[in-house]
Protein chains: 2
Amino acid sequence: MNAPTISHISCADCPIRHRAVCARCESDELEALDAIKYYRSYEAGQPIIWSGDVMNFVGSVVSGIATLTQTMEDGRTQMVGLLLPSDFVGRPGRDGAAYNVVATTDMVMCCFRKKPFEELMAQTPHIAHRLLEMTLDELDAAREWMLVLGRKTAREKIASLLTIIARRDASLTPRGAVNSMTFDLPLTREAMADYLGLTLETVSRQMSALKRDGVISLEGKRRVSVPDMGRLFEEAGDDSDGGFMS
Amino acid sequence: MNAPTISHISCADCPIRHRAVCARCESDELEALDAIKYYRSYEAGQPIIWSGDVMNFVGSVVSGIATLTQTMEDGRTQMVGLLLPSDFVGRPGRDGAAYNVVATTDMVMCCFRKKPFEELMAQTPHIAHRLLEMTLDELDAAREWMLVLGRKTAREKIASLLTIIARRDASLTPRGAVNSMTFDLPLTREAMADYLGLTLETVSRQMSALKRDGVISLEGKRRVSVPDMGRLFEEAGDDSDGGFMS
DNA sequence: CGCGGCCTTGACAATCGTCAAAACATGTGG
DNA sequence: CCACATGTTTTGACGATTGTCAAGGCCGCG
C-alpha cells in the first residue's frame, strides 16, 4: 500500500538543494551526505512518527506537506508546525519524537539514519550552521504563531492562516508583486481548526463570513481566491504585510 | 539611574558557566570569550531592546528575569518567552530585534558585541553546537506553549504556568522529590495574562478559584504554596508530570 | 493621610464551543 | 446508472467560557 520507493537522485538535481539543511554544503560535503541518504515516500494521511516513538532517522521534506501535532489525553489536539518542502524533521541528539508527524498530502522525504548524520554534522560546520539558522527561523515562526493563538480573534486567525499559506505559495512560484492571488488550501477544516486553536465549526463559519464580506472567494472547498491581498493583511490584524507587497 | 556597572568576573566563577552558550567550551575558547565579554545590568522594569531596534550585541542572562513580548498595533500583547539565568538573548545573523525584551526583575547580562561573537562562533563549533542545542530546547518550549495557548481552558492555563515556574524553581534549588512546594511568582497578574493569552481579570478569578479549591494557597499576592504537586499537574491537564516527581 | 499601583470582585455582554441536522462530494457495489 | 455509505462541510440554536466595564480593597510610599 506504500507509494513506490523512490530511486536515488543526485543532490545536484534536488529541488530543495538550496533551501534544505544541505544548502551551504560544498560538493565534497554533498557527496558524504549523498552516500548515506535514502528516499522514503508516504501517502496522504499516513503517520510518519508518533510522539514518544524512537526515531532512528532524520530528514528533509522533498515534496508534499506534513503536520506536527501535540495531543492531550482527552483528544484535544494542537498543530505546532507545518512541514513544507525543505523543512527538516527530527532532532539530532534526541532519541524520542516529541510530536506526531503526519503526511497530509503524498510526500517524499530525503532521510538519513540518525547516527551517521550526527557524526557527519560534528565534522561539517556547514550543516550545523544551516540547521541552526533553520531552527532559529522555526523558533521565530512558532513565536509569531503564539501571538495568533493567544491574542487574535477567530476571524483574524483565519486571515492569518490564509496569509501564511499565500506567502508560502508566492515564495514557491514568484510572480512579482500582485494585489490578487489564487491558491490551494492544503488543509481540511479540521486541520485548520487544530492549527488555529478553534473548532471546525468556527473555522467554517469564519470562512463563510470572509466570503460573504468579499475578502475571499472559493472555487470548491479548497481553492481560494483573494482579490485584494492588502485587505486580507488588514483582516489578519498584522501591522505590516511582512514584505509580501513590494 | 542605571544600576552600577558590574566588574569583570572570571568565567570560571560564573554561576551559569555550565548551562549557558559557553557550557561546552574548553579553557582556551573560554579565554577568547572572556576577552570580548562585558557585563551590563538593568533595573526591574527597564527595557533591554525594542522590537525592530538594531541590536549590536548578544548575550546571556546571568541573574534576574526578562520577558520576550510581541505587540499588535492596538496594544494587544503576547509574551512569547521568559528569559531566565543562562538563557541566550539575540540572534546571530540578524540585525534587528524581533521582540521587545524587558527586565522584570533586576538583571545582569553577560554581553558580547555581535560582530566579534559571530566571528568567534564561526571558528568555535562548541559554541555553535551549544547554541543549536539551546535553540532546539526553546523551540520545544515554544511548541509546548502553543498547546497551552490554543487548547487549554483558563484554569488549565494558570495551572500550567504555576507548574512551569515550580519546575524551574525546583531545578535551581534541588531538594529531591517532594509533594509540596512553595515559591515566588515573579510576574504581575498582567504579565501572567500576557503569557497565557487571557485578561488580568480572568487570571485573578482563576487564581482565586484554585485557592478556594485548595489547589494552592497564597501568602501575600506573590508567594504560592502548593500542598500537592500531583494535584496541580492534574489541573494543568498534562498527561505526565514532566519528570518532576521522581 | 492621601496617592498610585496592583489586585479582586461583580454585573453584563460577546465570542466561541457544543450539539444537531442537513447539504454536498466521493467512492463502492449492485 | 443508481443506491448507498462515508467523510467533509455548512448552518442553526443554544449555552458556557471568557472579555469588558466598573467599583472597591489592599498596600507601600511620599
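Below, chains carry the letters A, B, ... as their sequence lines are ordered, and counting in each starts from 1. Worth saying up front: this structure is predicted, and the values here are computed from it rather than measured.
Closest of all the heavy-atom pairs between Q78(B) and Y195(B) is NE2-O, 3.0 Å.
A salt bridge is absent between D184(B) and R222(B): the closest approach of a Lys/Arg side-chain nitrogen to an acidic carboxylate oxygen does not fall below 4.0 angstrom.
Near-neighbour residues of DNA chain D inside residues 211-227 of chain A, defined by a heavy atom below 4.0 Å, number-ordered: K221(A), R222(A).
Sequence neighbours left out, not one pair with a member in residues 147-182 of chain A passes ring pair (Phe, Tyr, Trp, His ring centres under 6.0 Å). Pairs passing the ring pair (Phe, Tyr, Trp, His ring centres under 6.0 Å) check and including a residue from residues 208-230 of chain A, sequence neighbours excluded, do not occur.
Computed from coordinates, the L185(A) CG to dT10(D) P distance equals 10 Å when rounded to whole Å. With rounding to whole Å, D74(A) atom CG is found 10 Å from dT18(C) atom P. Between the CE atom of M192(A) and the C1' atom of dT8(D) there is a distance of 13 Å, rounded to whole Å. For the pair R76(A) CZ and dG17(C) C1', the computed distance is 12 Å after rounding to whole Å. We find that CE of M207(A) is positioned 11 Å from P of dT11(D), with the value rounded to whole Å. If you take CG of L196(A) and C1' of dC16(C), they are 13 Å apart, rounded to a whole angstrom. For the pair L149(B) CG and dT17(D) P, the interatomic distance rounds to 20 Å; values are reported in whole Å. At whole-Å resolution of the value, CD in E156(B) and P in dA16(D) are 18 Å apart.
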N/O donor to acceptor pairs below 3.5 angstrom from side-chain atoms of residues 148-155 of chain A, sequence neighbours left out:
from, atom 1, to, atom 2, distance (Å)
R151(A), NE, T77(B), O, 2.8
R151(A), NH1, L198(B), O, 2.9
R151(A), NH2, A193(B), O, 3.0
R151(A), NH2, D194(B), OD1, 3.1
R151(A), NH2, L198(B), O, 3.0
K152(A), NZ, S160(A), OG, 3.1
K152(A), NZ, A236(A), O, 2.8
K152(A), NZ, D238(A), OD1, 2.8
T153(A), OG1, E156(A), N, 3.3
T153(A), OG1, E156(A), OE1, 3.3
R155(A), NH1, E235(A), OE1, 2.9
R155(A), NH1, E235(A), OE2, 3.0
R155(A), NH2, D213(A), OD2, 2.2

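Taking T202(A) as the reference, T199(A) meet the side-chain hydrogen bond (donor to acceptor under 3.5 Å, both in side chains) condition, with sequence neighbours excluded. Judged as a side-chain contact (heavy atoms from CB on, under 4.5 Å), and not counting sequence neighbours, the contacts of I16(B) are C14(B), A20(B), S60(B), V62(B), P85(B), S86(B). Taking F88(B) as the reference, F117(B) meet the ring pair (Phe, Tyr, Trp, His ring centres under 6.0 Å) condition, with sequence neighbours excluded. In this structure Q70(A) satisfies the side-chain contact (heavy atoms from CB on, under 4.5 Å) test together with V80(A), Y99(A), L147(B), sequence neighbours excluded. Residues satisfying the side-chain contact (heavy atoms from CB on, under 4.5 Å) test with N100(B), not counting sequence neighbours, are W50(B), S51(B), T69(B), T71(B). Remark: K221(B) pairs with R189(B) by the side-chain contact (heavy atoms from CB on, under 4.5 Å) rule, at least two apart or across chains.
Across all strands shown, S204(B) has heavy atoms under 4.0 Å from base atoms, whether or not it also approaches the sugar-phosphate.
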At a cut-off of 3.5 Å, list every protein nitrogen or oxygen paired with a nitrogen or oxygen from nucleotides 18-24 of chain D, distance to 0.1 Å.
from, atom 1, to, atom 2, distance (Å)
dT18(D), OP1, A154(B), N, 2.8
dG19(D), OP2, T199(B), OG1, 3.4
dG19(D), OP2, T202(B), OG1, 2.5
dT20(D), O4, R205(B), NH2, 2.8
dC21(D), N4, E201(B), OE2, 3.1

Atom pairs, N/O to N/O, protein against nucleotides 26-28 of chain C, distance under 3.5 Å?
none

